[in-house]
Amino acid sequence: MTSNAAAILGFGQTKFRTVREDVSGPELVFEAVSAALADSQMDINDIDAVVFASAPEVFEGVYEPDRWSIEAFGGVGKPVVRVHTGGATGGSAAIAGARLIESGLYETVLVVGLQRTSETPDAQAVFTTIFDPIFEQDVQLNVITGIALVASRQMEYFGLTEDHMAWVSKKNFDNALLNPFAHLHKNITIEDVKNSRPLAWPLRLLHTCPRSDGAAAVVMTSGANAKRHKSVAWMRGAGHATDVYRIGDRIKDADSDLAIPRALGWACDDAYREAGITDPLNQLDVVEVYAPFANLEIGYYESMGLAPSGRGIELVETGATALGGKIPVVPSGGCMTANPIGATGLVRFGEAALQVMGRAGDHQVDGARVALATACGGIDQFYTAAVLASDPE
Amino acid sequence: MTETVRIPGEWHIGYQYTIGTFASAFFDGLRKGEIWGSLCEQNGEVAVPPKSFNEQAFVPTDKLVQVGLNGTIQAVTIVTAPFAGSPDVPYAVIYVKLDGATSSIANYMHGVDLGDGTTLPDALSIESPVHAVFSPEPEGRVTDFWFEPGVA
């Protein structure tokens, strides 16, 4: 890692819910930014630039939600950029913020994510519009049907079963009970998952995520400045990678299969190389993966290098990714228990930072010093990976 | 405590999607009961549906080529929860690699009893053979064809 590494000073998030009727979109942003500044012991005047993250504005029904929120993130008089890579937006924005600091352009950067998925009644009607209007929309592809198609290949490729998915759902819902900011706080059983409403074979309601309102913010600063702060998370490595647009172009050969997203693997390769990680299963202490569906999390185990080819399900079978296991995955409960889309990647990043700062509260992984945070966007197009650590090198 | 207000709003925006000559040739083929893809001679890839360039080689596509009407299932789902504008549930959507193609194309699967949609019929398992069937009243949309089980 270079000597000019960026460091995360603090993280703020709103309590995620279906609707926050007491605040407008910008007011939600103000709440998260205020929490992040307080957590960082910083002032809005300490911020040199802002990176704003929001996914499809069709959810808000307000074009350019970044512009709507300028005052709420203290943007007046400062450079502001919006980042948009679908669901990966929050992850891309966090990495963009860190790179702005590492490049020497700015000393301290605020990264903000917002999404209100509740403003329109039909989320899947919005999601249909992210598909190709020529060949895909007429076949009613949306996020749920798209991920169900992925699951069908995972069953074939590595033997994914309903039992594996139910275990992941229960693990994540159990973890969410320890996180006061999670949207869903529900005690569920394996049987509840297996008997939940079928949506699109093989997916059921409890394999999926809720639609959440919420905002999140992270304050990051230069390495030199960070040394004046007691509790920081160092950005040790990062990667972005992108794959082809059409689903059908990712069902070609062994190197390109929907079951195991290769672009997350590429993003992790870059992040690990920069961070000096050669054995992720043993060198990482905790993972905050962006996986809004149970089956995706299991496929990602392999993409993230936690398991050899075709053997990600063994981490389920041995319970390795539970809190207290060898490599806890989403101790916060993750996207399956709160998904404010454009902010979600930043929540993963912020939660990973809290873990290595030892400030994650009841879902703290004991002794966590190195964490991986990821994000995914589109239907398998955009991936980000970031390695955060307690020490600068 | 003030009762909070929510103000109704709507976006009504129409579009005409411009699809270009390659995709237009595909829809013209459907009217004749044919399926066309695009061949990249540099790497041999045959993309279905066709496109005017190959992203792997990053060169323009050399020509349109006709592919077979038989193929195999590559991915499958049975939708049991209706979405806005969706057909009656349950219905099946599959990705199929047609004979001669190197990529897969999505469409509806008809001609299989889906039951309540919670178990996968054998005819829908991955690598099962299917064939394209064409609408007698084409509309210039991808739904001018669909898949049915077995070989044509």
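So you know, we letter chains A, B, ... as the sequences are listed, proteins then strands, and number each from 1.
Rounded to the nearest 0.5 angstrom, B:T80 OG1 and A:I144 CD1 are separated by 9.5 Å. Rounding to the nearest 0.5 Å gives a distance of 8.0 Å between OG1 of B:T102 and CG of A:D249. In this structure, A:R204 CZ and B:T118 OG1 are separated by 6.0 Å, a value rounded to the nearest 0.5 Å. Distance CG/B:L114 to CH2/A:W201: 12.0 Å, rounded to 0.5 Å.
Contact count versus chain A (heavy atoms, under 4.5 Å) is highest, among B:T2, B:D116, B:N107, B:V48, for B:N107. When the candidates A:E119, A:E136, A:E21 are compared by the number of heavy-atom contacts under 4.5 Å with chain B, A:E21 comes out ahead. Interface check for chain A: of the options B:S86, B:S104, B:A81, the most heavy-atom pairs under 4.5 Å are formed by B:S104. Ranked by non-hydrogen atom pairs under 4.5 Å with chain A, the options B:V93, B:V89, B:I105 are led by B:V93. Counting heavy-atom pairs closer than 4.5 Å to chain A, the top-ranked of the candidates B:T143, B:V142, B:I94 is B:V142.
Contact of the B:I19 side chain with the A:I134 side chain is registered, since non-hydrogen atoms from C-beta on lie closer than 4.5 Å.
A:F30 CZ: 12 or fewer foreign heavy atoms inside a 6.0 Å radius. Other residues, nucleotides and ligands place no more than 12 heavy atoms under 6.0 Å from the CD1 atom of B:I7. Open room surrounds CZ on B:R141; 12 or fewer heavy atoms of other groups in view lie less than 6.0 Å from it.
The heavy-atom pair separating A:A148 from B:T77 by the smallest distance is CB-OG1, 3.2 Å. Taking both residues in full, the closest heavy atoms of A:N142 and B:F83 are given as ND2-CD1, 3.2 Å, listed atom of the first, atom of the second, then distance. Across all their heavy atoms, B:W11 and A:V62 have their closest contact at CZ2-N, 3.6 Å. A:G248 and B:S103 make their closest contact through O-CB, 3.4 Å (heavy atoms, listed as atom of the first residue, atom of the second, distance). Contact record, B:A75 with A:S152: CA-OG, 3.4 Å, taken as the closest heavy-atom pair.
Only the side chain of B:R6 comes within less than 4.5 Å of a heavy atom in chain A; its backbone stays farther off. Neither the backbone nor the side chain of B:Y15 comes within less than 4.5 Å of any heavy atom of chain A. Residue A:V150 does not touch chain B at all, counting heavy-atom pairs closer than 4.5 Å. No part of A:V23 comes within reach of chain B, as not one of its non-hydrogen atoms sits under 4.5 angstrom from that chain. Heavy atoms closer than 4.5 Å to chain B are found nowhere in A:L203, neither backbone nor side chain. Proximity to chain A (any heavy atom under 4.5 Å) is shown, for B:L120, by both the backbone and the side chain. For B:Q74, the parts lying near chain A are the backbone and the side chain together; criterion is any non-hydrogen pair under 4.5 Å. No part of B:E10 comes within reach of chain A, as not one of its non-hydrogen atoms sits under 4.5 angstrom from that chain. Heavy-atom distances place both the backbone and the side chain of B:Y108 under 4.5 Å from chain A. With a 4.5 angstrom heavy-atom cutoff, B:E139 does not touch chain A via any of its atoms.
Aromatic ring orientation, B:F26 versus A:F135: perpendicular (interplanar angle above 60°, classes split at 30° and 60°).
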Starting from the C-alpha separation in whole Å, work towards a yes-or-no answer on side chain to side chain contact (heavy atoms under 4.5 Å, CB included) for B:V79 and A:Q140.
CA-CA 10 Å; B:V79 183; A:Q140 288 292 319; over 6 Å; no

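In this structure, the side chain of A:R246 engages the main chain of B:P49 through a donor-acceptor pair within 3.5 Å.
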